[in-house]
Amino acid sequence: MARVAVVTGGTRGIGEAISIGLKKAGYLVAANYAGNDERAKAFSDKTGIAAFKWDVSSFDECKKGMEAVAAQLGPVDVIVNNAGITRDATMKKMGRQAWDDVMDTNLGGCFNMCKVAWDGMLERNFGRIVNIGSINGQAGQYGQVNYAAAKSGIHGFTKALAQEGAAKGITVNAIAPGYIDTDMVAAVPPDVLDKIVARIPVKRLGKADEIARAVLFLVADDGGFITGSTLSINGGQHMY
Ligand code: CAA
């Protein structure tokens, strides 16, 4: 029977490529999104993948959303925690709200989604969780104390949860993308982005598909011995 996968932030950017990649590989996919109905509809029309709207920063919404996915597609075997936002500003200018928003969505979302799915995965003795971290959680980034802290938190969260799942058939891994050609990266001021790309040894931005193929590798049924790992995919920008 096809495995059921949920991709948060799954209708745009890296998440869209992951949703499509999983569908092509035979998974039953639910793509979660938080706000952009128009893009979600266009995504579903194009791909035939069902889009489910909820805010991952809310535990109650995650619970209800995952219940809706299970009712439509079946018990969830695979979670890709990809949903993420930026509120970049230097410490001097960053308000408390920008801290809370990024921590609650990027890191709190991982907790909420895993917590909701965890008991079922334990009962079925199978689960695959991939958390999308970031090069900026590994190396830090000027103007991103909130985002770097949340992404760094994801890397720690992954290693801790991997230990809890290891004897129960549940793997938990992270991917740390570098700068990928998405709307999020396009929002970086062009002069700043040019300087960043100049420092990438591969000399270009990454492609969302280049992250999706790694997700497929990590969630495969025969990937049971890979857990607690972080796969850096950044064109050589940070070798960690
Ligand atoms: N290192 C050192 N100094 C820096 C710097 C850097 N990387 N970036 C900017 N500065 C300095 C500037 O030179 C400037 O100095 P002066 O005042 O002496 O001239 C000062 O900081 C202020 O710079 P800005 O005018 O750019 O300030 P701002 O307040 O308008 O913007 C910023 C600051 C929001 C951090 C902006 O520079 C920015 O957006 N930077 C990009 C941050 C970034 O890379 N975000 C990644 C988003 S994509 C992502 O996160 C995905 C992923 O996982 C990789």
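Order of listing sets the numbers, starting from 1, for every ligand and every atom in it. For the single chain, residues carry numbers from 1 onward in sequence order.
- If you look at Gln144 next to ligand 1, the close heavy atoms, those under 4.0 Å, all belong to the side chain.
- Counting only heavy atoms, the protein gets under 4.0 Å from atom 8 (N) of ligand 1.
- Asn234 places none of its side-chain heavy atoms less than 4.5 Å from the side chain of Pro177.
- Listed by number with element, the atoms of ligand 1 under 4.0 Å from a non-hydrogen atom of Ser134 are 52 (C), 53 (O), 54 (C).
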Could you go through the side chain to side chain donor-acceptor pair (under 3.5 Å) check for Tyr142 and Asn136 one step at a time?
CA-CA 9 Å; Tyr142 192 101; Asn136 293 348; over 6 Å; no

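- Close contacts between ligand 1 and Pro189 involve ligand atoms 38 (C), 39 (O) [criterion: under 4.0 Å to a heavy atom].
- With a 4.5 Å cut-off on side-chain heavy atoms, Leu107 and Phe111 do not count as touching.
- The option with the heavy atom closest to atom 3 (N) of ligand 1, from among Tyr147, Tyr179, Tyr142, is Tyr142.
- Residue contacts with ligand 1 for Ala187 are absent, since no atom lies close enough (heavy atoms, distance under 4.0 Å).
- The protein reaches atom 43 (C) of ligand 1 closely, with a heavy atom under 4.0 angstrom from it.
- With a 4.0 Å cut-off on non-hydrogen atoms, Ile196 touches ligand 1 through its side chain and not its backbone.
- For the pair Thr182/Glu16, no side-chain contact is recorded, criterion being any heavy-atom separation below 4.5 Å from C-beta on.
- The side chain to side chain donor-acceptor pair (under 3.5 Å) test with Lys53 singles out one residue from Asn32, Thr11, Asp37, and that residue is Asp37.
- Because its NZ or CZ atom is both nearer than 6.0 Å to the ring centre of Phe126 and within 45° of the ring axis, Arg3 counts as a cation-pi partner of that residue.
- Using a cutoff of 4.0 Å between basic side-chain nitrogens and carboxylate oxygens, Arg12 and Glu38 are not scored as salt-bridged.
- The shortest contact between atom 33 (C) of ligand 1 and any protein heavy atom is with Thr90 CG2, 4.2 Å.
- Taking all heavy atoms of Asp191, Ile135, Val185 into account, the minimum distance to atom 48 (S) of ligand 1 is reached by Val185.
- Residues Thr230 and Ile175 have side chains not in contact (no heavy-atom distance under 4.5 Å, counting atoms from C-beta outward).
- By the definition of a contact as any protein heavy atom under 4.0 Å away, atom 53 (O) of ligand 1 is in contact.
- Of the protein's heavy atoms, at least one falls inside 4.0 Å of atom 50 (O) of ligand 1.
- Side-chain contact of Thr8 with Asn82: a donor-acceptor pair under 3.5 Å is absent, judged by distance alone.
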Applying side chain to side chain contact (heavy atoms under 4.5 Å, CB included) to Val185 and Leu193, what does each step give before you reach the verdict?
CA-CA 8 Å; Val185 167; Leu193 190 57; 3.6 Å; yes

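- In summary, the atoms of ligand 1 found under 4.0 Å from a heavy atom of Met184, numbered by their order in the structure, are 49 (C), 51 (C).
- Within a 6.0 Å radius of NZ in Lys63, no more than 12 heavy atoms belonging to other residues, nucleotides or ligands are found.
- Residue Gly178 approaches ligand 1 through these ligand atoms, each under 4.0 Å from one of its heavy atoms: 54 (C).
- Nearest to atom 45 (N) of ligand 1 among the protein's heavy atoms is Asp88 OD2, 2.8 Å.
- For atom 12 (C) of ligand 1, no protein non-hydrogen atom is found at a distance below 4.0 Å.
- For atom 21 (O) of ligand 1, a protein heavy-atom neighbour is present inside the 4.0 Å cut-off.
- Protein non-hydrogen atoms do reach within 4.0 Å of atom 28 (P) of ligand 1.
- Interface atoms of ligand 1 facing Gly143, defined by a heavy-atom separation under 4.0 Å, are 35 (C).
- Shown here, atom 17 (O) of ligand 1 is out of close reach of the protein: none of its heavy atoms lies under 4.0 Å off.
- For the 3.5 Å distance criterion, the side chains of Ser232 and Gln138 qualify, holding a donor opposite an acceptor.
- Scanning the protein heavy atoms around atom 37 (O) of ligand 1, the nearest turns out to be Val192 CG2, 4.0 Å.
- Taking every non-hydrogen atom of Lys93 and a distance limit under 4.0 Å, the qualifying atoms of ligand 1 come out as 28 (P), 29 (O).
- Side-chain contact between Asn112 and Ser58 is absent, with no heavy atoms from C-beta onward closer than 4.5 Å.
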